[in-house]
Number of protein chains: 2
Amino acid sequence: MAARAGVSAATVSRHLRGHRVRTAVAIQEAIDALGYRPSIAAQSLKSGRTRTIGVVVPDITNPYFAAVVKGMESASRDRGYRILLANSDESSEREDDVLTDMIHQVDGVILAPATEQDETPLHVRDAGMPLVFVDRDLAGGEHFDAVLVNNREGGRQAASHLLSLGHTRIAAISGQQETTPGRHRREGFVEALADGGLELLPEFDLTGDFREESGYQLTLQLLSSAEPPTALFTANNLMTVGALKALHDMRVGIPDQVSIIGFDDLDTGPLLNPPLTVIDRPMVEQGVLAMRLLLQRLGQGDDRGGGSRRITLDTKLVRRGSTGVPRR
Amino acid sequence: MAARAGVSAATVSRHLRGHRVRTAVAIQEAIDALGYRPSIAAQSLKSGRTRTIGVVVPDITNPYFAAVVKGMESASRDRGYRILLANSDESSEREDDVLTDMIHQVDGVILAPATEQDETPLHVRDAGMPLVFVDRDLAGGEHFDAVLVNNREGGRQAASHLLSLGHTRIAAISGQQETTPGRHRREGFVEALADGGLELLPEFDLTGDFREESGYQLTLQLLSSAEPPTALFTANNLMTVGALKALHDMRVGIPDQVSIIGFDDLDTGPLLNPPLTVIDRPMVEQGVLAMRLLLQRLGQGDDRGGGSRRITLDTKLVRRGSTGVPRR
DNA sequence: CTGAAAGCGCTTACAG
DNA sequence: CTGAAAGCGCTTACAG
């Protein structure tokens, strides 16, 4: 390449980095003719930077995370960064594996941790690697950058809505209590219930794992109780789908027999039978914000300066047809 | 690291690569104590391999591609490979950009090309980079490895189903005719219609872009015709959702006024109002198969040997409630 | 402005 | 079995 243009490799490098060079024309001609592209591996070795961001989410087939990743991807590409993607499959061990594996291959990491107690993120941070949380936080995560939503308020909105319809026999299928959204959504829900003078009965206070199957099974369990609830809150999109399938299979009328309100909207939410009432929140936007936060850190070459930056977005109630007054 | 263990870097390297080494214990102790991990950049520079696979899909928020990517991710991680993910956003230019950008950073590429005429994949292949197509093929792609489904047969199944119900005023919203699935699904559909003695009328032969909005707009267009169709085939999941929203907004009864059959099932398919009839196909499995095909090539260190390997999976009709006999 | 040289962190053929 | 040395392809401080 350098030979073809009749200059040294150093000059080619300078040209590529935007320096003024006498032989620019000849070099560019050679680049085009040979389709030359500098070796990323060599650049990384020299510079210690890879222009690659590691992204670890629990499940890319969850439409929420798919949207978040899409936001990250477009925000990163605009700035010349690429994305190394991994699924943790809701497992801390797997998260540890993928994080450890990618740590020397990326300039920074965006992570939705499997649990708030995960320790690997702390090691990542201690290693000087910029880290941003999205969707989920770490216990004591105040010192980390994060893009979250007000899950507690979202839980409150769901409970308030059901209370306002007159429900008293209310159930919740929460996510893992070791995760931020799992815990906060339930806490907000319980708080608002208490504000309304209601208690979340133990048999109506169920915990799933953010997967469809758990929503399905736990809903069957609720339906089998002597006196089933008249209203149900499902703490994420996949469990909502599972719950809806269980209600559907058991021929339970919505909202006549059971009202249901989910957390996170579905693309088909308005088309369901009946249309689904949900607590909605920004999705693609969260990915964009998280990526920008991380790239700012990288840009400053400063991974701690100015303290942590934490963005909390609002949720909002979308009333549709799956919630109504309780059955008599 | 080598110093800490009192040996040379060469010996550490040998130990890490599984060679028998006298100082193995001391080295391992040092590795654990320091949390040492070899630099991927240096390894790549030396070996010319990155153990990273580039994955380019048109849209990660399409549940089909999310599932495919999930399959790829698990299949790759099992073998110690990572995934560099990019969206082409259905654009050949963007695909060219991301492909060119990642080419020196990956050992192989799995791609769902934006169009069958894309040229960049040819350059990728010519550069000696193993390449596997998934979901979509390239014109003259017989020489490339690929994991596809029988789209033509899927189109035929959709048309046959509508014919069997007695429909004669049938419309189709196809995908880009420059893509394999777009073209083949429409061709199969038209063929089966012809077998039934029917022609796809020009005003009922519409082409969208595999995005929800196009399904929505084109359905509005169909509904505005003097005598609308009694049945509609939408050639992918997102356009199906768009069509359903248009039918919903216009208060068109399904299937009483219009029957609809989509291509690709939705997680909420059985829960829609009415449940959605679709042509279904394996999703996660396609990703797994594509990744295995690629890793086999890499394992053999042989990117052309034995000719191309092409896997074509079958589609299948899932009858639910959105298709019925035509309105009188 | 430009080239020679050093060095990023590995791996491996070559001696020993 | 093991170390010294070379080299993978870049970038950059140093001379000129």
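Here is the naming used below: chain letters follow the sequence lines, and residue numbers restart at 1 for every chain.
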Pairs in or reaching into residues 14-23 of chain A: which pass side-chain hydrogen bond (donor to acceptor under 3.5 Å, both in side chains), with residues at least two apart or in two chains?
->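 The answer is A:His15-A:Gln28.
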
Atom pair distance, as rounded to whole Å: CZ in B:Arg20 and C1' in D:dC1 | 11 Å

d(CD1, B:Ile40; C1', D:dC8) in whole Å | 16 Å

How does each nucleotide of nucleotides 9-16 of chain C score, in 5' to 3' order, for protein heavy atoms under 4.0 Å: base (B), sugar-phosphate only (S), or none (-)?
-> BBBBB---

Which part of the nucleic acid, if any, lies within contact of B:Ser44, taking any heavy atom under 4.0 Å across all strands shown: a base, the sugar-phosphate backbone alone, or nothing?
-> nothing

When rounded to the nearest Å, what value does the distance between C1' atoms of C:dG16 and C:dT12 take?
-> 16 Å

How far, in whole Å, is D:dG9 from D:dA13 if one measures between their P atoms?
->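 Roughly 23 Å separates the two P atoms.
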
Show me, pair by pair, the donor-acceptor contacts under 3.5 angstrom made by side chains of residues 108-118 of chain B, not counting sequence neighbours?
unit_1   : atom_1 : unit_2   : atom_2 : d
B:Thr115 : OG1    : B:Gln117 : N      : 3.0
B:Thr115 : OG1    : B:Asp118 : N      : 3.3
B:Thr115 : OG1    : B:Asp118 : OD1    : 2.7
B:Glu116 : OE1    : B:Arg183 : NE     : 3.0
B:Glu116 : OE1    : B:Arg183 : NH2    : 3.2
B:Glu116 : OE2    : B:Thr180 : OG1    : 3.0
B:Glu116 : OE2    : B:Arg183 : NH2    : 3.2
B:Asp118 : OD1    : B:Ser92  : OG     : 2.7
B:Asp118 : OD2    : B:Ala114 : N      : 3.2
B:Asp118 : OD2    : B:Thr115 : N      : 3.3

My understanding is that only residues two or more places apart in sequence, or in another chain, count here; which of them pass side chain to side chain contact (heavy atoms under 4.5 Å, CB included) with [X]?
X        : result
B:Ser76  : B:Tyr81, B:Ile83, B:Met291
B:Glu285 : B:Pro282, B:Leu289, B:Leu313
A:Ser8   : A:Ala10, A:Thr11

A:Arg4: salt bridge (Lys or Arg N to Asp or Glu O under 4.0 Å) partners, not counting sequence neighbours |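 A:Glu29.
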
Would you sketch DNA chain C in dot-bracket for me? Only Watson-Crick or G-U wobble pairs with both distances under 3.5 Å count, crossing pairs as [ ], other-strand pairs as |, the rest as dots.
-> |||.||||||||.|||

N-O pairing of B:Asp101 and A:Arg77 below 4.0 Å |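 So B:Asp101 pairs with A:Arg77 through a salt bridge.
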
Applying side chain to side chain donor-acceptor pair (under 3.5 Å), name anything that partners B:Lys46, two or more places apart in sequence or on another chain.
->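 In terms of side chain to side chain donor-acceptor pair (under 3.5 Å), with neighbours along the sequence ignored, B:Lys46 is linked to no residue.
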
